[in-house]
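Because the structure is a prediction, the values reported are computed rather than measured. Letters go in sequence order (proteins before strands), and every chain restarts at 1.
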2 protein chains.
Amino acid sequence: MGLSDLFRALGDETRREILRLLTRGDLTAGEIADRFNLTKPTISHHLAVLKQAGLVQDERRAQYVVYSLNTTVFQDLAGWLLELTCSGPGSGRARKNEPGGQ
Amino acid sequence: MGLSDLFRALGDETRREILRLLTRGDLTAGEIADRFNLTKPTISHHLAVLKQAGLVQDERRAQYVVYSLNTTVFQDLAGWLLELTCSGPGSGRARKNEPGGQ
DNA sequence: CCCATAATTAGACCACCATCTAATTAGACA
DNA sequence: TGTCTAATTAGATGGTGGTCTAATTATGGG
């Protein structure tokens, strides 16, 4: 739900690679697991983390569970980025800050 | 250096709050520490993590160490975001992906 | 030189996390 | 129903991370 979950989810190389794979199209859990030198339970865990962070969605289809990107959350990320980078020096014009100041 | 360091650094609420403070202007380590209910060593640790990730810079000024935002890294983040969101379905037009499809 | 202040480093502690193997649930089908 | 495949959950383990207290380094002023 929160930004911490989001960033922590993105802080793992394997999970970012999963996201990259999903930009090419939806994949089942097994198809994803086949791309890595990790066990299925480990990948299942990573998928759960990504899902918890809202970065992916899953949908049961027969025996398979199909995962897909949730691009909505990336907008939240972009929003956070903008808010941070546009509210500081550059928008308001900052004064050179002396250590003793206030 | 890497994206993992960057995201992991951003995965902590305290560190994001430090970044937000720094958008208002440069601050000394002590001034930053005063804003939190945490000890100075803890804040010092967080600042080291942010510095390691390239998110802040520090500069010794007399007895003080002044910290400032390094906005360059946010461009890396924005670049990563764009690359991920623009290389998938939406730029190339994706077909609905059936599970059995290779 | 010695002391006071600013900040970091060292070391310990507990929680969380990535990973594995083994066991369990879910669904299809004969 | 029984069994096969897909996927997750349970439980264990080693490593990392956030926090603290205590000790150490760095700087300026009498």
Toward the 5' end of DNA chain C, which comes first, A:H46 or A:Q63, by nearest nucleotide?
-> A:H46
B:N37 CG - D:dG18 C1' separation (whole Å) | 15 Å
Report the distance from atom CZ of A:R8 to atom P of D:dT16, rounded to the nearest whole Å.
-> 17 Å
Check the distance between C:dA7's P and B:I18's CD1 and give it to me in whole angstrom.
-> 13 Å
Check every atom of D:dT21, C:dA7, C:dT21 against the side chain of B:P41 and return the nucleotide holding the closest atom.
-> D:dT21
To the nearest angstrom, how far is A:D12 atom CG from C:dC16 atom P?
-> 18 Å
Measure from the side-chain heavy atoms of A:T39 and tell me the nearest of C:dC20, C:dA18, D:dC20.
-> C:dC20
Anything under 30° is parallel, anything over 60° is perpendicular, the rest tilted; go ahead and classify A:F74 against B:W80.
-> tilted
Please give, in whole Å, the distance from D:dT16 P to B:Q52 CD?
-> 14 Å
Contacts of B:L38 and A:D58 projected onto DNA chain D by closest heavy atom; the upstream (5') one is A:D58
Toward the 5' end of DNA chain C, by each residue's nearest nucleotide, A:T42 or A:R60 | A:T42
To the nearest angstrom, how far is A:F7 atom CZ from C:dC17 atom P?
-> 17 Å
Among D:dA22, D:dT8, D:dT19, the one nearest A:S44 by side-chain distance | D:dT8
C:dA7 phosphate, OP1 or OP2: any side-chain N/O from B:T28 under 4.0 angstrom?
-> yes
Within the side chain of A:R15, is there an N or O that forms a donor-acceptor pair under 3.5 Å with the backbone of A:R8?
-> yes
Out of D:dG18, C:dA10, C:dA18, minimum distance to the side chain of A:R15 belongs to C:dA18
Where the side chain of A:H45 is defined as all heavy atoms beyond and including C-beta, which of C:dT19, C:dA7, D:dT8 is the nearest nucleotide?
-> C:dT19
For B:L50 and D:dG18, what is the distance between atoms CG and P respectively, to the nearest whole Å?
-> 10 Å
Between P of C:dA4 and OH of B:Y64, the distance in whole Å | 17 Å
Do side-chain atoms of A:S44 reach the backbone of A:K40 as a donor and acceptor pair under 3.5 angstrom?
-> no
Under 3.5 Å, side chain of A:R16 to main-chain N/O of A:L10, donor-acceptor pair present?
-> yes
Check whether any side-chain N or O of B:R24 sits under 3.5 Å from a backbone N or O of B:R20 as a donor-acceptor pair, and report yes or no.
-> no
A:Y67 side-chain proximity, nearest of D:dT8, D:dA7, C:dT9 | D:dT8
